[in-house]
Amino acid sequence: MYQAIVFLPLLGFVLAAIIAIAGARARNPGGGPEEHGHDSGHGAQSHDAHAHDAHGDDHGHGPVEPAAMGSRAAELITTTLLFVSCALSWIAFVQVGLFHQDAHVRMLPFIFSGDLKVEWALRIDTLTAVMLVVVTTVSSLVHLYSIGYMAEDPYRPRFMAYLSLFTFAMLMLVTSDNLVQMFFGWEGVGLASYLLIGFWYQKPEANAAAIKAFVVNRVGDFGFALGIFALFMVTGAVDFETIFAQAPALTGKTIHFLSWNFDMLTVICLMLFVGAMGKSAQFLLHTWLPDAMEGPTPVSALIHAATMVTAGVFMVARLSPLFELAPTAQTFVVFIGATTALFAATVGLVQNDIKRIVAYSTCSQLGYMFVAMGTGAYSVGMYHLFTHAFFKALLFLGSGSVIHAMHHEQDIRNMGGLKDKIPFTYWAMTIGTLALTGFPFTAGYFSKDAIIEAAFASHNPMALYAFLATTIGALLTAFYSWRLVFKTFHGKPHDQKHYDAAHESPLTMTIPLAALAAGSLLAGYPFKEMFVGHHGVEEFFRESLKFVASNHILEEMHRVPYWIAMLPTLMLAIGFGTAWIFYIRRPDIPVELARQHDSLYKFLLNKWYIDELYDFVFVRPAKWLGYTLWKKGDGWLIDGFGPDGVSARVLDVTRNVVRVQTGYLYHYAFTMLIGVAALVTWFMFSTGGSH
C-alpha cells in the first residue's frame, strides 16, 4: 500500500509526459521549436471575455487549440491516480495514527561506498502519515481544479505531468528513512517548482520568478547539504535511527573552525535550519515566494500553500531529537519564525495583487509554525501545518476562481461587488478567511491560538518576542485578510466590463473549493486531542517526535491565563472591525493614511526594500564582475594577448617573411651578402672587444 501511495503519482507523471511529448510531435512534425501558447495548425479562434480565462493569470497568450483527446487522457490519468493515492493515505493515517501500525519498507540498496551506506526505504510513522494526508489531499484537489482552470491551454499534459512529478518528489521527501533520500525529495520539489513556476516560459516574468526561486533555494540547500555532511562526519551514518541514537553522545562536543571552537550540535542544527529557511521562505530567504505567483494559480495552491513550503517545517520536526539537544539553535529558530510572522504580515497590509496577499500570508503562517518548532511544541507546529493546508489551498484556489471570473485581472483595486456574481467563490473565500484569521471553532482557531499559547508558556530566551510578534501578526492577518474580501467582493464594481462578464467557475473548480472549505471548518476540533491534547499527543506521535521538552510545554500551555487564550480572538475582532471601517464605511481613510505616511506606505509596498538591498549587495556586483571578466579578462587580456595579440603578430611576421621568397637568384645572392657582412661585422667587434 505504501509503495502505491508514493509511486502512483510517478506513474501519472510518466504517462502524462509521454502524452505531452506525443502531442508536441503531432503539433510540430518538423521538430523545430514550438511557440508556447500558439498553435499554428488551428489559426485564430474567437474567444469571448471568459472562454479565454482558463489561462488564469497569464498575459499575452495567443489563440489556443480545442481540448484534444490526449489532453483529456492526461488529466484523467493523473487525477485518478492522485485520488487513489489520497484514499490510501487516509487509510494509512488511521492505521498508523490510531492503531499504531508503523511500518518500515525496504525497497532497494541505493549507495554503498566505504562507510556511506544508503538504502532506499519508506519510513511510515505518525509524522509521515500526517504529511501523506496533507500532500495527497491537496494535490488531488489541485489536479481536479486544474482540469477546469487550464481548460484552454494546449499544453495541459505537460502541466499535469509537472504536478504529478512535484507530488512524487514531495512524497519521497516525507517518507524518507535517511537524509540522502530526504535530500533527493528536497531537490526534486525544487526542480518541479522551477518547471511549474516557469510553465508559461514565453512570459519573461515567469522565467525570472522560476530562476529566482531556484537560486534562492540553492542558498538554503547548500546549508542543508553542509548539515548532512557534518552529521555523516560525526556519526558515520545518514539514516535517522543511527543519528538519533548517537545524538546524546554529541552534546558538549565542539567543532574547531579557524581559531574558534563551536558547539557541534548547534552548528549542525543551524546549517540544517538554513535549508528549512530557503525551502519554507523564512525571513531573508523569503524573496522567491511572492514572485512565484507568476506561475498558474493551481501551482500557487500546491507549492506555496500545503506542500513544498512546509518541507522545512517537516524537516525540523523529523530532526526534533537533534534540535532538542541544541537549545541555542532552537532560540534562533524561534527568532526567525517570529520575525517572519511579523514581517510578512506588515507587507501583506498594502499589497494589491490578490495572489501576493495570500502568498505573504503563507510566509507569515510558516513563521508561526517555526515558532512552535523552536519552543519544542513540535506537535502544535504540525497541527498548524495540517489545518493551514486546507484553508490556504482554499484561499489560493478561490483567488484563482476570482481571476478566472475577472478575465485574468489580479489587482483587487479593479474588483468589487463580486459576491453577487460569484456567490459560491465568495462563501468559499469567506470560510478560508475565517479559518486563517482564527475565527472561533474553525480549523485555524485551534492551531494558531495554540502556537501563541506555546510562545507565552515557553522558557525560550526569544519566547516573549515570539509571543508579541505572533499576537501582533494575528491582528495584522485579520486586517489584510478582510481587506482582501471587502475590496474584492463588496462595494461597487471598479471595472464594469469585466464585472458584467464575470461568472461562476465550472464544477471541476468548485468541487475542490467545497472540499477544502469543509476541511477549513472541520480539520480543527476532531484532531485537537491528537496534536495538542493533555494525554493523546504522546500516544498519537509516539517515537516520531521527541517529547523531552515538548511534554513540559504542552502541560504549561494548558495552564496559560484565560486572557492569553482569548487574546488572538480579540486581535481578530479588532482587525476585522478596522478593515470594515476602512473599506466598507469610510474608504477614504486608507487613501488619506497612505498620503500622510507616504514613506512608511512605500516601505511596506516595496517589501522593506529587501529585494533592492539584495540587488545592490549581490546582483549588481555579480553582474559587474561577470561583465568585467568578459570584457577585460576575456576580451582585453586573453583575446588581446592571445588570438589578437601574440598569435596575430606571429602571423604578421610570417606573412612578411613569405614575401622574401620571390624566386629571383639575385635577391637570394643579395640577402646572403648582407648576412655575410653582418656576420663579419659582429665577429670583428666581438673579437676586438676581447682584446
Side-chain angles (χ1 to χ4, degrees), residues 282-283 286 313 330-350 357 360-377 380-381 383-385 387-388 391-392 433-483 524 528 531-532 553-554 556-582 600 604 608:
Q282 292 301 282
F283 186 63
H286 68 277
V313 181
Q330 283 188 311
T331 303
F332 183 72
V333 173
V334 173
F335 170 73
I336 290 291
T339 304
T340 307
L342 187 59
F343 155 76
T346 61
V347 175
L349 295 173
V350 297
I357 297 170
Y360 277 108
S361 166
T362 300
C363 210
S364 182
Q365 296 307 306
L366 289 162
Y368 277 82
M369 294 175 209
F370 279 112
V371 166
M373 294 291 157
T375 57
V380 178
Y383 190 26
H384 196 49
L385 187 159
T387 60
H388 174 261
F391 57 77
K392 190 51 61 68
T433 303
L434 287 169
L436 170 63
T437 55
F439 188 80
F441 307 111
T442 58
Y445 168 75
F446 296 102
S447 58
K448 189 172 166 184
D449 290 17
I451 290 175
I452 296 174
E453 290 166 20
F456 180 81
S458 172
H459 300 294
N460 189 293
M462 280 288 164
L464 178 61
Y465 169 65
F467 170 68
L468 293 172
T470 50
T471 305
I472 296 167
L475 169 67
L476 301 179
T477 301
F479 176 81
Y480 69 67
S481 299
W482 288 109
R483 170 181 177 258
K528 184 170 184 273
F531 288 95
V532 293
I553 193 168
L554 287 174
E556 292 202 4
M557 277 171 57
H558 295 295
R559 292 198 291 267
V560 298
Y562 181 72
W563 67 272
I564 292 291
M566 292 306 297
L567 197 57
T569 307
L570 176 64
M571 293 295 112
L572 159 64
I574 295 170
F576 173 82
T578 309
W580 185 76
I581 292 168
F582 275 28
L600 175 61
L604 296 179
W608 291 24

Asker: Within this structure, what is the OG-CZ distance for the pair Ser481 and Phe439, rounded to the nearest 0.5 Å?
Answerer: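 The CZ atom of Phe439 is 14.0 Å from OG of Ser481, to the nearest 0.5 Å.
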Asker: With the side chain counted from C-beta on, respond yes when Arg483 and Ile357 share a heavy-atom pair under 4.5 Å apart, and no when they do not.
Answerer: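 Heavy-atom side-chain distance check passes, below 4.5 Å.
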Asker: For the side chain of His459 and the backbone of Ile553, is there at least one donor-acceptor N/O pair under 3.5 Å apart?
Answerer: no
Asker: Considering residues at least two apart in sequence or located in another chain, which fulfil the ring pair (Phe, Tyr, Trp, His ring centres under 6.0 Å) criterion with Phe446?
Answerer: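 In terms of ring pair (Phe, Tyr, Trp, His ring centres under 6.0 Å), with neighbours along the sequence ignored, Phe446 is linked to Tyr525.
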Asker: Listed by chain and number, what are the side-chain contact (heavy atoms from CB on, under 4.5 Å) partners of Ala474, not counting sequence neighbours?
Answerer: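 Ala474: side-chain contact (heavy atoms from CB on, under 4.5 Å) contacts with Tyr368, Lys448, Ile452, Met571.
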Asker: What's the spacing between Thr387 OG1 and Leu436 CG if we round to 0.5 Å?
Answerer: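 So the gap between those two atoms works out to 10.0 Å.
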Asker: Show, in sequence, the C-alpha distance, side-chain angles and deciding distance for Tyr445 and Leu572, and conclude whether the side chain to side chain contact (heavy atoms under 4.5 Å, CB included) test is met.
Answerer: CA-CA 10 Å; Tyr445 168 75; Leu572 159 64; over 6 Å; no
Asker: Side chain to side chain contact (heavy atoms under 4.5 Å, CB included), that's the test. Do Leu475 and Thr578 meet it? Break it down for me.
Answerer: CA-CA 10 Å; Leu475 169 67; Thr578 309; 5.6 Å; no
Asker: Can the ring centres of Tyr480 and Tyr360 be said to be less than 6.0 Å apart?
Answerer: no
Asker: Any idea which heavy atoms bring Ala344 and Cys363 closest together, and the distance?
Answerer: CB-CB, 3.7 Å
Asker: How many angstroms lie between atom NE2 of His388 and atom CG of Leu385, to the nearest 0.5 angstrom?
Answerer: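 Interatomic distance, His388 NE2 to Leu385 CG, rounded to 0.5 Å: 8.5 Å.
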Asker: Quick one: closest heavy-atom pair of Ala455 and Val371, and the distance?
Answerer: CB-CG1, 4.1 Å
Asker: So, taking the atom named CG in Leu554 and the one named CD in Glu453, what distance separates them when rounded to the nearest 0.5 Å?
Answerer: 11.0 Å
Asker: Take Tyr383 and Lys528 through the test side chain to side chain contact (heavy atoms under 4.5 Å, CB included) and record every step on the way to the result.
Answerer: CA-CA 8 Å; Tyr383 190 26; Lys528 184 170 184 273; 3.6 Å; yes
Asker: If you round to the nearest 0.5 Å, how far is CH2 of Trp482 from CH2 of Trp580?
Answerer: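 Result: 13.5 Å between the selected atoms.
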Asker: Check Pro461 against Thr331 and note the closest heavy-atom contact, atom names and distance.
Answerer: CD-OG1, 3.5 Å
Asker: Might you point out which heavy atoms bring Lys392 and Ser361 nearest each other, and give the distance in Å?
Answerer: NZ-OG, 2.8 Å
Asker: As an exercise, state the distance from OG1 of Thr569 to CG of Asp449, rounded to the nearest 0.5 Å.
Answerer: 5.0 Å
Asker: Quick check: closest heavy atoms across Leu567 and Thr471, and the distance to 0.1 Å?
Answerer: CD2-CG2, 3.6 Å
Asker: With sequence neighbours excluded, tell me which residues meet side-chain contact (heavy atoms from CB on, under 4.5 Å) with Phe283.
Answerer: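 Applying side-chain contact (heavy atoms from CB on, under 4.5 Å) to Phe283 gives His286, Thr339, Thr340, Phe343, Trp608, Ile610.
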Asker: Which heavy-atom pair separates Thr477 from Ser364 by the least distance, and what is that distance?
Answerer: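 Heavy-atom minimum between the residues: OG1-OG, 4.4 Å.
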Asker: Under 4.5 Å between any side-chain heavy atoms of Phe582 and Phe479, yes or no?
Answerer: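 Yes. Closest side-chain heavy atoms under 4.5 Å.
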Asker: So Val380 and Met557, do their side chains get closer than 4.5 Å, heavy atoms only?
Answerer: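 Touching, per the 4.5 Å side-chain cut-off.
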Asker: Classify the side-chain pair Thr375/Ser458 by whether it contains a donor and acceptor separated by less than 3.5 Å.
Answerer: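 Side-chain D/A pair, Thr375 to Ser458: absent.
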Asker: Should Thr437 and Thr442 count as side-chain neighbours, where that means a heavy-atom distance under 4.5 Å?
Answerer: no
